[in-house]
Peer 1: 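I'd like to ask some things about the structure below.
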Amino acid sequence: MVQQTMSEYSSLLSDLSENITNEDLDQLKSACKEDITEDQSNTITSSKEWFNYLEKNEKLAQDNLSYIEHIFEISRRPDLLTRVIEYRTTVLKISEDDEIDTKLTRIPSAKKYKDIIRQPSEDEIIKLAPPPKKV
């Protein structure tokens with residue numbers, strides 16, 4: 001099973017790579033600039049290198065795709081996002097119903113849970129003192 005999942009994962013990355021142009025790559029790298037320094041970003045010249053970098057830095061694995069789902073979402077690439085979600089639901093058998101995990105709440109499919117995530121009460125909100133006056 002692990003071997004099959006690995007090859008499905010490899011073909012997913014390969015499929016995604018074929019649909020990412022150099023222009024797209026710049027946009028994707030820009031979307032994750034908090035996680036990739038400018039120097040490192042400059043050395044990444046292909047989507048395969050980008051995926052390798054994310055794997056090395058534990059942002060991507062065959063059973064952890066939430067980071068690239070988020071990046072594809074904010075980069076407005078629903079075509080790539082759909083492929084990843086399809087892989088997740090068919091290969092990993094993780095459906096949207098299993099996505100209550102907090103790190104997934106920024107993914108569009110988790111929006112249906114937004115009413116469940118409660119707002120803090122008045123008592124729980126930390127009040128900040130006003131900034132000191134300049135003399």
Side-chain angles (χ1 to χ4, degrees):
M1 177 61 200
V2 172
Q3 198 57 44
Q4 183 193 354
T5 306
M6 202 62 208
S7 67
E8 293 273 1
Y9 173 69
S10 298
S11 67
L12 170 73
L13 294 189
S14 157
D15 184 37
L16 292 172
S17 293
E18 286 168 26
N19 290 283
I20 296 173
T21 65
N22 285 344
E23 206 172 288
D24 295 334
L25 183 63
D26 287 341
Q27 191 178 356
L28 296 171
K29 288 193 301 187
S30 164
C32 51
K33 62 180 174 278
E34 302 107 52
D35 301 301
I36 302 179
T37 66
E38 197 173 331
D39 291 344
Q40 291 166 321
S41 184
N42 293 334
T43 65
I44 298 171
T45 57
S46 73
S47 50
K48 282 188 171 61
E49 288 175 12
W50 183 63
F51 289 132
N52 287 338
Y53 177 85
L54 295 177
E55 287 174 328
K56 278 190 200 119
N57 289 276
E58 297 177 4
K59 295 284 182 198
L60 175 64
Q62 70 184 49
D63 58 353
N64 180 8
L65 303 157
S66 59
Y67 185 80
I68 62 170
E69 284 184 32
H70 174 65
I71 296 301
F72 293 155
E73 178 193 357
I74 63 176
S75 302
R76 296 188 173 80
R77 286 303 303 268
D79 56 324
L80 300 177
L81 180 59
T82 304
R83 287 165 204 251
V84 176
I85 291 173
E86 206 170 275
Y87 165 87
R88 177 167 46 75
T89 53
T90 57
V91 179
L92 298 180
K93 309 276 189 280
I94 301 172
S95 69
E96 294 182 0
D97 296 337
D98 300 328
E99 283 187 8
I100 305 177
D101 187 342
T102 54
K103 72 180 176 190
L104 297 172
T105 53
R106 56 192 182 177
I107 294 169
S109 55
K111 284 195 176 119
K112 64 184 172 192
Y113 298 115
K114 72 182 185 306
D115 299 326
I116 298 170
I117 301 169
R118 67 178 193 81
Q119 293 299 313
S121 70
E122 247 348 273
D123 302 336
E124 293 173 304
I125 297 173
I126 298 169
K127 303 271 191 283
L128 298 177
K133 303 250 184 299
K134 287 191 176 151
V135 182

Peer 1: How long is the span from the SG atom in C32 to the CD1 atom in I74, to the nearest 0.5 Å?
Peer 2: 8.0 Å

Peer 1: From N52 CG over to N57 CG, what is the distance, rounded to the nearest 0.5 angstrom?
Peer 2: 11.0 Å

Peer 1: Taking all non-hydrogen atoms of both residues, which atom of V84 and which atom of E69 are closest, and how far apart?
Peer 2: CG1-CG, 3.5 Å

Peer 1: Could you check whether any side-chain N or O of T82 sits under 3.5 Å from a backbone N or O of P78, counting only pairs where one atom can act as donor and the other as acceptor?
Peer 2: yes

Peer 1: Could you give the distance from OG (S41) to CG (L28), rounded to the nearest 0.5 Å?
Peer 2: 10.5 Å

Peer 1: Where the side chain of Y87 meets the backbone of Q62, is there a donor-acceptor pair that is under 3.5 Å apart?
Peer 2: yes

Peer 1: If you look at every heavy atom in L25 and I44, which pair is closest and at what distance?
Peer 2: CD2-O, 4.2 Å

Peer 1: Roughly how far, to the nearest 0.5 Å, is CD of E55 from CG of L60?
Peer 2: 5.0 Å

Peer 1: Give me the atom names and distance for the closest heavy-atom approach of E49 to T43.
Peer 2: OE1-O, 3.1 Å

Peer 1: Could you report the tightest heavy-atom contact between N22 and T45, atom names first, then the distance?
Peer 2: OD1-O, 4.0 Å

Peer 1: Determine whether L54 and I68 make a side-chain contact, defined as any pair of heavy atoms from C-beta on separated by less than 4.5 Å.
Peer 2: yes

Peer 1: Who passes side-chain contact (heavy atoms from CB on, under 4.5 Å) against D24, sequence neighbours left out?
Peer 2: I20, T21, R77

Peer 1: Say you draw a straight line from CZ of F51 to OG of S10; how long is it, rounded to the nearest 0.5 Å?
Peer 2: 11.5 Å

Peer 1: Given 3.5 Å as the limit, does a donor-acceptor pair link the side chain of S75 with the main chain of I71, or not?
Peer 2: yes

Peer 1: Measure the CZ-CG distance between F72 and L65 for me, rounded to the nearest 0.5 Å.
Peer 2: 9.5 Å

Peer 1: Return the set of residues passing side-chain contact (heavy atoms from CB on, under 4.5 Å) with Q40 (not counting sequence neighbours), or none when no residue passes.
Peer 2: I36, T37, Y53

Peer 1: Of all residues at least two apart in sequence or in a different chain, which pass the salt bridge (charged side-chain N to carboxylate O under 4.0 Å, His left out) check with R83?
Peer 2: D15

